[in-house]
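Reviewing the structure listed below.
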Amino acid sequence: MVKNTLQFMQGQGLSLPLLLDAIFYGDGGCHSDHLVQYQRTALMVSDELPGILDRWYTPPQRGKGHQGGRPQGARRILDTFAEKVIKSRVDREMKSIAQLFISPPNELSEEQLTGVKFDKLIGECQSGAPTMWNIFRHAAYTPKQDAHNTHKNPDMVVLSMISQCQYMRSHRRGRVAKLWAIYLKACGTSARAFDAIHTLGLTMSHKWTSTAYRTLSKHAMETLRQRIQQAPYIISHDNLNVPLRVFSQREHHQSHFMSGCAGTIWILPEIAMLPPGTNRLLQQHRAEMSKEPFAFEEVLKGNPDADRRMREQNIYLILSVLLDSPDFQEYAHRDDPILQRPPPVHQLPHGKDHTIEQYILETAPIEEASYDGNDKVVEEWFRQLGLDSTDEKIRTGLERVLVWIGDQMTVDRLRGLWRYRFEDDNSFDRMDYMIPTFGWFHLVMAFAVSLHRQYLGTSAAVGKLKQAFDILNRKGLLTPGSKGPFWNDLDDALRHISEGHFRTCWLTITGKEKLEELKEKSPEELRGFAIRILEEYASRAAIVKLQASLPAGKQDLVKEQHIMWNSDVLPYLNLTDAMKYGDVGRMEDLLPTLMFRFAGGKNPKYTVEVMELWQQLHREWPEDVRNFVREHCWLINRSGKPDGFLAIDLGQEQNIKDIKVTYRSLGPGARFEYLHDISPAIPALRTVQRHVEGEFKTLARGARHGTVSKEEDVKTLTKQYLANKLYITEAGRKPKASDEKMEDVITAGADNLERNNVIANWWKARCFPRSATEMW
């Protein structure tokens with residue numbers, strides 16, 4: 001039949017190519033003919049058509065009786081046709097999804113960068129460009145891999161290919177390339193590597209990225225100027241020391257050390273907004289209530305409620321030493337209410353609604369260690385914030401209340417300026433709007449150093465710090481310092497040594513050889529032991545009781561000193577725990593203890609700081625200001641987690657680290673001007689980094705250092721303390737050397753404050769009336 005048809009066509013002068021050309025729109029007369037239309041449609045929708053095309057592309061082998069290879073078929077023609085069709089389809093799909101990658105050159109912001117959601121973008125590309133997606137995916141991932149590999153997913157690779165293609169077609173389609181450029185620059189990618197990656201179309205150029213940093217900084221500062229007009233805020237600043245090096249020395253071009261100042265504006269939740277008129281109320285209250293100092297007798301006498309709360313916290317801390325030990329992880333009654341954390345005194349709220357915003361100011365090349373330097377710094381911050389006009393100065397002087405936070409030196413300089421200007425013409429010049437407040441992180445550091453000085457001892461004195469440093473091989477802790485990892489290492493050491501002491505107390509008071517033997521005890525029994533440890537081994541009352549139990553001249557001075565250590569380290573553990581969990585009420589309860597410690601521990605500067613805070617909390621600040629400072633100016637929470645609180649000055653130190661190290665350029669073009677320009681962009685860079693790492697599920701990688709187990713160190717200390725019977729009374733026991741006897745700084749501090757004119761001298765320097773004139 002086929003041969004007959006072909007012979008008939010040949011007789012009609014018609015070949016198969018001519019016939020097909022005529023039927024498929026090659027002849028005008030055949031376009032609308034019903035018979036031709038019917039046959040044409042039948043072929044187009046037939047089940048045979050795919051097979052026909054497939055055999056055209058790959059004809060079957062010839063039979064055995066025929067010589068020659070496989071017929072060529074229409075492979076070359078179909079390849080050319082398919083390429084044309086695919087190119088046309090890709091062009092259409094590239095245009096259809098182009099809007100997903102469009103990012104105009106003049107638009108760059110944190111919100112735009114973090115708006116790139118890769119999962120969403122993948123889904124949109126799959127639906128908007130299915131042909132291109134499937135081709136790229138097939139090229140990257142074979143069907144065999146797809147069937148067997150459960151870990152790899154080529155979707156991000158395919159998306160990257162499409163992004164590269166979009167960016168190569170138009171630089172306006174660089175939405176993903178911009179995100180990668182900012183992220184890689186924030187991660188410290190070098191300029192050479194950057195330009196190599198840019199050549200591949202993955203990122204923008206290094207030049208663009210450097211300009212983008214400045215654009216982000218400019219946008220951040222513009223946003224900040226708007227935010228401070230709408231929301232409550234506080235300010236912190238600290239010195240910044242940066243070594244600037246050169247690669248070609250000249251007389252005017254030398255490596256040198258640059259001192260500057262970094263500042264941060266912390267935007268508070270709306271609930272923190274002070275009522276209108278607070279500024280005037282503060283000035284009136286200050287003038288009226290600053291005529292007399294606080295009553296030291298009340299501090300010395302103490303607050304029974306605060307004492308009761310601290311006692312409960314101390315019992316809990318002693319219990320925690322036992323419950324957190326590896327031997328007690330399987331204790332059946334861990335969740336018993338009697339073993340839980342005591343209720344907070346004044347707990348700050350947490351959660352996303354209570355996280356704080358931060359804006360880093362442009363780093364200023366001003367040395368802030370002096371009074372003049374701090375004066376210039378305050379002036380510079382007002383200039384950057386747009387608060388330096390006459391109208392804004394009047395508003396600041398008469399309406400605003402600005403809490404200024406820093407380390408002890410910064411706060412001392414600001415307070416000195418505030419006092420020095422007491423007779424200036426108006427509230428702004430007198431700095432009446434300002435409340436200088438010390439940062440609690442630096443206070444904790446001073447607390448740790450005070451314990452270090454008091455209990456360092458010698459290598460021969462078992463139970464003292466130096467001896468523990470030696471046997472635990474803790475380096476660099478013999479001399480107090482403020483740079484490098486000293487404080488972090490000291491904090492770890494204090495915690496581990498205190499844990500060794502309290503484990504020794506648990507084993508001594510229960511008569512057990514191992515902590516795990518106590519798992520048979522009920523929660524009530526464990527709490528009873530913890531109370532006994534506090535009363536017999538960790539309080540000033542325990543020292544008095546021990547002294548009364550032995551005759552004169554037969555005192556156990558060694559045990560007394562270790563009881564005093566436990567008594568003194570508990571407030572340190574209590575304070576750091578309160579700060580971690582946002583219990584500002586507990587922090588306030590500890591102020592008298594801190595005052596006594598600094599007064600007796602030869603730290604007059606922090607003695608003054610604690611007295612200033614006590615004076616203001618109990619006399620000079622109206623209630624709204626007291627609550628504002630307590631609830632918003634001591635701790636911040638950037639994560640929203642219940643244990644995510646930290647001191648504001650620690651947040652400032654972290655910002656300085658990012659300015660000096662994390663986001664600093666180290667090349668020959670690195671200058672202080674660069675730090676000045678890019679500092680405001682740092683919060684955006686952090687956000688972009690977290691966003692990208694969150695998208696790729698790598699957020700936790702490298703976010704913090706791994707913590708080496710402390711257990712072996714604590715066991716070593718506990719074993720030695722038990723062997724030396726530190727908490728078993730031995731009449732007449734004395735330290736081996738005279739320099740091993742530790743001073744009771746708490747008692748000495750109370751005595752200094754009461755008898756040595758410490759309060760009187762402090763008051764003399766601040767008890768003078770301030771001018772109230774307003775001449776603008």
Side-chain angles (χ1 to χ4, degrees), residues 228 231-236 266-296 298-299 303 305-306 345-349 393-406 411 414-415 417-419 421-422 424 426-440 582-592 595 608-636 648 759 762-763 766-774:
I228 62 172
Y233 61 95
I234 54 179
I235 305 174
S236 68
W266 307 90
I267 304 296
L268 306 175
E270 291 296 327
I271 194 173
M273 184 72 75
L274 286 166
T278 300
N279 176 291
R280 295 294 88 194
L281 178 62
L282 173 62
Q283 308 317 323
Q284 295 169 8
H285 208 274
R286 272 176 173 169
E288 180 180 351
M289 301 302 293
S290 63
K291 297 176 181 179
E292 294 181 359
F294 62 86
F296 178 67
E298 296 179 3
V299 179
N303 182 334
D305 291 335
V345 181
H346 187 156
Q347 176 75 56
L348 297 180
K393 288 180 179 179
I394 292 174
R395 284 193 62 195
T396 299
L398 299 179
E399 300 176 16
R400 295 186 175 111
V401 175
L402 299 182
V403 178
W404 224 286
I405 296 141
V411 172
L414 291 174
R415 190 183 297 116
L417 289 172
W418 183 82
R419 291 172 181 169
R421 294 181 167 186
F422 75 103
D424 281 8
N426 56 66
S427 296
F428 182 84
D429 290 344
R430 289 191 300 271
M431 304 173 75
D432 287 343
Y433 58 85
M434 181 182 289
I435 300 179
T437 302
F438 68 81
W440 284 81
D583 191 350
V584 293
R586 200 160 20 129
M587 294 165 65
E588 188 173 351
D589 282 349
L590 287 163
L591 284 175
M595 192 186 301
V608 169
E609 293 302 329
V610 176
M611 289 193 298
E612 284 283 349
L613 180 57
W614 189 269
Q615 171 76 7
Q616 292 163 333
L617 284 171
H618 291 267
R619 288 193 61 81
E620 296 180 4
W621 287 341
E623 183 177 3
D624 286 335
V625 175
R626 284 200 303 272
N627 292 335
F628 179 83
V629 173
R630 186 188 294 116
E631 295 173 1
H632 303 288
C633 304
W634 290 356
L635 302 173
I636 55 173
I648 292 175
I759 296 177
W762 160 74
W763 183 249
R766 76 188 305 276
C767 64
F768 46 84
R770 295 178 64 82
S771 173
T773 61
E774 299 295 346

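No experiment lies behind these values; they were computed from the predicted model shown.
- At least one side-chain heavy atom of Leu617 sits under 4.5 Å from a side-chain heavy atom of Arg630.
- Note on Glu774 versus Arg430: salt bridge recorded, some NZ/NE/NH1/NH2 to OD/OE distance being below 4.0 Å.
- The shortest heavy-atom contact between Arg770 and Arg419 is NH1-CA, 4.0 Å.
- The aromatic rings of Trp614 and Phe294 lie perpendicular to each other, with more than 60° between the two planes, well past the 30° mark.
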Problem set entry | Trace of the side chain to side chain contact (heavy atoms under 4.5 Å, CB included) decision for His346 with Glu631 | CA-CA 9 Å; His346 187 156; Glu631 295 173 1; 3.1 Å; yes

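- Considering every non-hydrogen atom in both Leu348 and Val584, the closest pair reads CD1-CG1, 3.7 Å.
- The closest side-chain heavy-atom distance from Ile759 to Met611 is below 4.5 Å.
- With sequence neighbours left out, the ring pair (Phe, Tyr, Trp, His ring centres under 6.0 Å) criterion links Trp440 to Phe438, Trp634.
- Counting non-hydrogen atoms of neighbouring residues, nucleotides and ligands closer than 6.0 angstrom, the CD atom of Glu270 exceeds 12 such neighbours.
- Note that the CD1 atom of Ile228 and the CD1 atom of Ile267 stand 7.5 Å from one another [nearest 0.5 Å].
- The line from CG of Leu268 to SG of Cys633 is 6.5 Å long, rounded to the nearest 0.5 Å.
- A salt bridge links Arg766 with Glu620; the closest basic N to acidic carboxylate O contact falls under 4.0 Å.
- Contact of the Ile235 side chain with the Trp266 side chain is not registered, since no non-hydrogen atoms from C-beta on lie closer than 4.5 Å.
- Proximity of Leu635 to Met587: side-chain heavy atoms (C-beta onward) are separated by under 4.5 Å at one or more points.
- We find the CG-OG1 distance between Asn426 and Thr773 to be 7.0 Å, quoted to the nearest 0.5 Å.
- In this structure, CG on Leu274 lies 8.0 Å from NE2 on His632, to the nearest 0.5 angstrom.
- Counting heavy atoms from C-beta outward, Leu282 and Ile435 have side chains that approach closer than 4.5 Å.
- Considering every non-hydrogen atom in both Asn279 and Thr396, the closest pair reads ND2-O, 3.7 Å.
- Phe428 and Tyr433 make their closest contact through O-CE2, 3.5 Å (heavy atoms, listed as atom of the first residue, atom of the second, distance).
- Counting all heavy atoms, side chain and backbone alike, Asp589 lies closest to Pro592 at O-CD, 3.4 Å.
- Atom CG in Leu417 sits 5.0 Å away from atom CE in Met431 (nearest 0.5 Å).
- Put simply, the side chain of Ile405 does not reach to within 4.5 Å of the side chain of Val411, judged on heavy atoms.
- By the ring pair (Phe, Tyr, Trp, His ring centres under 6.0 Å) test, Phe296 is found to be paired with no residue, residues two or more places apart in sequence or in another chain being considered.
- With sequence neighbours excluded, no residue forms a ring pair (Phe, Tyr, Trp, His ring centres under 6.0 Å) with Trp621.
- The pair Arg619-Glu298 fails the salt-bridge criterion, with no side-chain N (NZ, NE, NH1 or NH2) lying under 4.0 Å from an Asp/Glu carboxylate O.
- In this structure, the separation between CH2 on Trp763 and OG on Ser290 is 6.0 Å, given to the nearest 0.5 Å.
- Although no hydrogens or angles enter the test, the distance criterion places no donor-acceptor pair under 3.5 Å between the side chain of Asp429 and the main chain of Arg421.
- Of the listed residues (Arg400, Arg280, Glu399), just one forms a side-chain hydrogen bond (donor to acceptor under 3.5 Å, both in side chains) with Ser427, and that residue is Arg280.
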